[in-house]
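Proteins come first, then strands; the chains are lettered A, B, ... in the order of their sequence lines, and each starts at number 1.
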Amino acid sequence: MTAPPLANLINELTKLPGVGGKSASRLAYHILKRPMIEAEALAQAILDVKTKVFRCSICNNMTDVEPCAICSDPRRDASTICVVEEAFNISTIEQTRDFKGVFHVLLGALSPLKGIGPQDIDVNGLLKRIRDGAIREVIIATNPNVEGEATALYIAQQLRSTGVKTTRLAFGLPVGGDLEYADQVTMSKALEGRREI
Amino acid sequence: MILKRLTTQTFRNLDIADQTFHPHANLIVGRNGQGKTNLLEAIYFLATTKSFRTSRVASLFRFDEPGLFVSGIVERNALDRALSVGMEMEPRRRLLTINAEKVPLADYVNALSVFAYSSSRLDTLRGTPEDRRRFLDRGIASVSPGYVEQLTRFQRALKQRNALLHDIAAGAAPSFTLDAWDEEVSAAAEPIWNGRRLYVEQLSQTFREIVAMHEYHVNRIELVYRPANGVIPRGAEIRARTSLTGPQRDVLDFEIDGRPVADVLSGGEQKMIVLFLKFAKIELFRRRMDDEPLFLLDDIDAELDLDILQELLRKLPSQTQVFATSAKERFLDVLETSPHRRLVIENGRVTSAQDFA
C-alpha cells in the first residue's frame with residue numbers, strides 16, 4: 001500500500017493537465033528522492049505563482065506588475081493590438097521579437113459545445129480599448145481551428161462598426177520544413193494564400 | 001500496390017500468422033463460418049481501420065478480448081512497407097504504424113488503398129441517404145486525400161452550430177452569435193459541396209461508359225446529386241434546434257426515369273449496378289493516383305451476372321490484386337482463367353495454399 005502522504009501527492013499531481021496515474025507516481029517518487037531544498041523550492045514556486053501573479057487589467061496577460069511589462073513598455077506601439085486566445089500564446093509571438101505592438105488575451109474561444117459564448121470571452125475589454133485609445137490595427141491571432149476561426153469572425157463583426165483595420169494571421173507552410181511533411185489542409189490553405197514574387 | 005503478407009491477432013475468429021498472398025488473384029474457399037469474409041475484413045481493416053460490413057468497429061473484436069491487431073507487408077513502387085493497426089476496446093484507442101513508426105490516420109490511410117464489393121454494399125441503393133453520402137465521401141477520399149480533413153472540419157463546425165441553436169432555443173444564448181458560426185460553417189461546407197459535385201460528375205460519366213461497354217440491359221440510370229444549400233429562415237432552425245441545410249443533408253439518388261433504382265430493379269440487377277459503380281470508383285482512383293488498388297470481392301453469388309463479372313475482372317490491369325470469396329466454389333471459376341492462389345480456410349486458419357498457373 002502507498003503511504004497516505006505519498007498517495008495524496010500522487011492524487012494532486014493527476015489533477016494537472018496531461019498527467020496520468022503513471023506519470024504522477026513517477027513524479028511523486030522523484031520528488032521524494034530529491035533533497036528537501038528542491039521540494040521547498042518547488043512548493044514555494046507554486047505558492048508564489050498563485051499569490052504574486054495576476055491578470056493585467058489592460059490586456060489580461062499574466063503579470064506580477066500592474067499594468068504588465070508589455071503594456072507599460074513605452075517602446076511598444078500601443079496602436080497595434082494582437083488578439084490571442086490564451087496568455088501563453090503571447091510568449092510564442094514574443095519569441096519572434098518581430099511584433100512591436102501590444103496584446104489582448106480573450107481568455108478562451110467560442111465553443112457552444114463547451115458552453116463558451118461571447119459573454120465568456122473578453123471582447124468587451126477589447127472594444128473598450130479601441131474606443132478609449134487611438135488604435136490603428138487589430139491583428140486576430142486566434143487558433144486556426146474551427147473554434148478559433150469562428151471567434152475571429154465574431155470579433156471582426158464586432159469591430160466593423162469601430163472602423164478600425166482588422167487583420168488575420170496568414171495560414172501556410174512552416175518555414176524550414178519540407179513540403180512533403182505538410183498536411184493536406186495546410187497545403188491547400190498555403191496554395192490559397194500564395195503570392196506573386 | 002500488392003499486399004504480400006498478413007498477420008492477425010484476436011481479430012474475430014481469425015488466426016492468420018504471416019500468410020503470403022498471390023500478387024494477382026487469391027481465391028478464398030471454405031465452409032460457411034470458417035472466416036472467409038473475416039479474412040477480407042482484416043485486409044480492409046488494415047487499409048482503412050474500418051469494417052466494410054458495418055459502421056461499428058466493435059464487431060471486429062473477438063468475444064472477451066480487449067484488443068485486436070492486424071499487420072501486413074505492402075509492396076508499392078518496388079518498396080516494401082510494414083503496416084499495422086492495433087486497437088483497444090475500452091477505452092477506445094488506436095495505434096497505427098508504418099515501418100514500426102507511429103503515424104497519424106491521415107498519413108496511414110494513404111499507404112494501402114482497397115475497394116470492396118459485398119452484398120451489404122447494396123445499402124448504396126437501398127439504404128438511407130446517409131449510406132449514399134458515405135458512398136460518395138469514401139470515393140472522394142480515395143482520390144483526394146485532403147477531403148477527410150475537410151469533412152472532419154465541417155462536422156466539427158456543424159456540431160458547434162447545432163449546440164448553439166440548441167442553447168438559443170433554450171434561451172441560454174443570444175441569437176446574434178449565430179453570425180460567426182454561420183460564416184464558419186459555410187466556409188467549411190464549400191469544399192465538401194465542390195468535392196461531391198465534381199466526383200458525382202466524373203463517377204456518372206465513368207459508370208455510364210462501363211455499363212455501355214458491357215451492353216448491360218439496365219442502362220438508363222442517372223446519378224442525381226442534390227446539395228442541400230438552400231436558404232432556411234433562422235427561426236425555423238432555432239425551433240428545430242438543429243441546422244436544416246448543409247452537406248449533412250445532401251441527397252444522392254440513383255434513378256431510372258425519375259424513380260429510385262431500388263423500386264424498379266430486381267435484386268440481381270441491383271447487385272450488378274453496385275458492382276459497376278465499384279468498378280467506376282476503381283477507374284477514377286487509377287486515373288487520379290496512377291496506381292492499382294486492392295480489390296476485395298466478397299461472396300460472389302448466383303445473382304451476379306458471372307459472365308460480365310469475368311469480363312470486368314479481365315479488363316482490370318494485371319497489377320490489380322484481387323481477393324475473392326464465395327460460399328460456392330464454382331462461382332470462383334470466373335477468376336480461375338489467370339494465375340492465382342487458392343487458400344482454404346478452416347476454423348479461422350489457412351490450412352492450405354496452392355498456386356495455379
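- Taking a 6.0 Å sphere around CD of B:Glu130, one finds it holds 12 or fewer heavy atoms contributed by other residues, nucleotides or ligands.
- In A:Ile37, the CD1 atom is not crowded: 12 or fewer heavy atoms of neighbouring residues, nucleotides or ligands sit closer than 6.0 Å.
- Using a 4.5 Å cut-off between heavy atoms, B:Asp179 touches chain A through backbone and side chain atoms alike.
- Only the side chain of A:Gln157 comes within contact range of chain B, with at least one heavy atom under 4.5 Å from a heavy atom of that chain.
- Closest non-hydrogen pair, B:Ala180 versus A:Ala150, comes out as CB-O, 3.4 Å.
- Within 6.0 Å of CZ in B:Arg239 there are 12 or fewer heavy atoms belonging to other residues, nucleotides or ligands.
- Heavy atoms of other residues, nucleotides or ligands lying less than 6.0 angstrom from CG of B:Asp290 number 12 at most.
- Of the inter-residue distances, the one linking A:Leu110 atom CG with B:Trp181 atom CH2 reads 6.5 Å to the nearest 0.5 angstrom.
- We find the OG-NZ distance between A:Ser111 and B:Lys159 to be 10.5 Å, quoted to the nearest 0.5 Å.
- Remark: A:Arg26 CZ is loosely packed, at most 12 non-hydrogen atoms of other residues, nucleotides or ligands lying under 6.0 Å away.
- Heavy atoms of B:Ala106 lying under 4.5 Å from chain A are absent altogether.
- Enclosure of atom CZ in B:Arg92 by more than 12 non-hydrogen atoms of other residues, nucleotides or ligands within 6.0 angstrom is indicated.
- The line from OG1 of B:Thr177 to CD1 of A:Ile116 is 13.0 Å long, rounded to the nearest 0.5 Å.
- The backbone N or O of A:Glu147 sits nowhere less than 3.5 Å from a side-chain atom of B:Gln160 that would complete a donor-acceptor pair.
- Annotation: maximal heavy-atom pairing with chain B below 4.5 Å, among A:Ile155, A:Thr151, A:Asn145, occurs at A:Asn145.
- Interface summary for chain A: among B:Arg161, B:His166, B:Glu149, B:Gln150, the most heavy-atom pairs under 4.5 angstrom belong to B:Glu149.
- Here A:Leu153 contributes atom CG and B:Glu184 contributes atom CD; the two are 6.0 Å apart, rounded to the nearest 0.5 Å.
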